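Owing to the predicted nature of the structure, the values given are computational and were not obtained by experimental measurement. Chain letters run A, B, ... following the sequence lines, proteins first and then strands; every chain starts at 1. We use all heavy atoms of the structure for the numbers below, so side chains are in, but hydrogens, waters and symmetry mates are not.
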Number of protein chains: 2
Amino acid sequence: MKQLSLFVKIVPFCLQENQLFVLLNNNELLKDTITQQIPLDEIAQQIFTTKTKLIYAHAYLEQLYTHMEDDGISVVYFLLLPDQPTSLPKDFSWNQVKNLSVNKTDSSILDYALQRLQWKIEYTNVVYSLLPETFTLSELQDVYATILGEQLDKRNFRKKILSLNFLKATGKKRKGISRPAELFTFKKREPTIIKVFS
Amino acid sequence: MKQLSLFVKIVPFCLQENQLFVLLNNNELLKDTITQQIPLDEIAQQIFTTKTKLIYAHAYLEQLYTHMEDDGISVVYFLLLPDQPTSLPKDFSWNQVKNLSVNKTDSSILDYALQRLQWKIEYTNVVYSLLPETFTLSELQDVYATILGEQLDKRNFRKKILSLNFLKATGKKRKGISRPAELFTFKKREPTIIKVFS
DNA sequence: CCAAAAGTGTTGGGGTTACACCCATGT
DNA sequence: ACATGGGTGTAACCCCAACACTTTTGG
């Protein structure tokens, strides 16, 4: 029989204006063949960097699952990025996850990736990868609300997040149209298991 | 470069006398190459059945993760079985998970598989795959205690389990050395998400 | 002074934990 | 009658959810 091909497929997520976006290549998930015998995480990072020419310091990469597709086996990863870079190679575009029309395989991968992301932010600190260096508690709350797709109570959110003790107040303020907000950073930008919600 | 090989590796768990066992082949995890273009779950099932000649009605199979090994890429599964069959093909043996000496790769796979199993029984009903058709609540409690590696309070365990409403009393009793115990079955032997422990 | 978003406490209910004795059977 | 494991209830506590007003700034 014909030799099976082996791919890594990547679901790159980011947030912009309280909407979840995914990076697509020609309206499909980013995908490339595996050719080197190095850890799969490294292969996934290489493929992303090579194809998109984008470099991030604190992106979060996680393997989702592996499955048989029409043209071979794909090891699927999702990737969390802190912002939408302005310049992208040809054929790449950020797409709002809601109302997305992609092929059936990629669509079910996206559904699952979103579910895993929802689970993940509820018991780890990996949201750090979706946020800039400093941010306000309201911004952080918006990130959670966007990903979970539900409203969150401001007071309860603050109590919970601060009690988990993985944020650090900077003492600086974000000025805006209204009362300035305290700016926070993450104590550590490394994946840590921490029960965020019940 | 040389074409990478593709494997499925399986971690078959079962319980016997309140101890967790794993099935090994020549002191290594069961492993075989992927040759057909069918869903990976089916490949894993086929490999298990072909190699061990064992057939189960309600085994639970779940993909763990995929990683690069020395001789190629392995897609790793764990499998939950209801008992230790008496006759096994040559070179297969059940080994107690505690105090196991296997190679480093398999050892870390086993650690992770156990952790996933611990998580899994806390929010799903998949323990059904480790139990016979009928069982007492004490037996079920022993299964949880064994996998989680901790004692559980009898009254609280019963309240919790019964409130989840996935068991059905049969009305029959298990006779033994002492007072007969009510026998239960699972309403459904299909994976269902249900928060079992906090 | 008005608009806008930041920031802050309390209370009630639900769920979890801790805990000890009686019951049904076999020997 | 005794040994063995089966079976049962309650009280304290903690955590979570619900909820509204004051504060600080810019315009």
Given DNA chain D, 5'-ward residue of the pair B:Ile177 and A:Gly176, judged by closest heavy atom: B:Ile177
task: Round to a whole Å and report the spacing from CD1 of B:Ile161 to P of C:dT16.
output: 12 Å
task: Verify the distance criterion only: is there a donor paired with an acceptor across the side chains of B:Arg158 and B:Ser138 at less than 3.5 Å?
output: yes
D:dG7 phosphate, OP1 or OP2, under 4.0 Å from B:Arg179 side-chain N/O: no
query: Is the base of D:dT10 touched by the side chain of B:Lys159 through a donor-acceptor pair closer than 3.5 angstrom?
result: yes
task: May I have the distance from A:Asp153 (atom CG) to C:dG9 (atom C1'), rounded to whole angstrom?
output: 12 Å
- request: Determine, using ring centers only, whether A:Tyr65 and B:Tyr65 are less than 6.0 Å apart.
  value: no
- line: Between CZ of A:Arg155 and C1' of D:dC21 the distance, given in whole Å, is 8 Å
- prompt: Distance only, no hydrogens: is a donor on one side chain within 3.5 Å (strictly under) of an acceptor on the other, for A:Asn95 and A:Ser93?
  reply: yes
- request: Look at the side chain of A:Ala181 and decide which nucleotide, out of D:dG6, D:dC16, C:dA6, has an atom nearest to it.
  value: C:dA6
field: Whole angstrom value for the distance that separates P of D:dT25 from NZ of A:Lys173
entry: 8 Å
field: Distance, rounded to the nearest Å, where A:Leu140 contributes CG and C:dA6 contributes P
entry: 12 Å
field: Residue-phosphate contact under 4.0 Å: A:Ser138 side-chain N/O, C:dA6 OP1/OP2
entry: yes
message: Is it the case that the ring center of B:Phe135 lies less than 6.0 angstrom away from the ring center of B:Phe184?
response: no
task: Could you tell me the separation between the NZ atom of A:Lys154 and the P atom of D:dA18, rounded to a whole number of Å?
output: 17 Å
- prompt: B:Glu182 CD to D:dG6 C1': how many Å, rounded?
  reply: 11 Å
query: Rounding to a whole Å, what distance do you find between B:Asn156:CG and D:dT8:C1'?
result: 12 Å
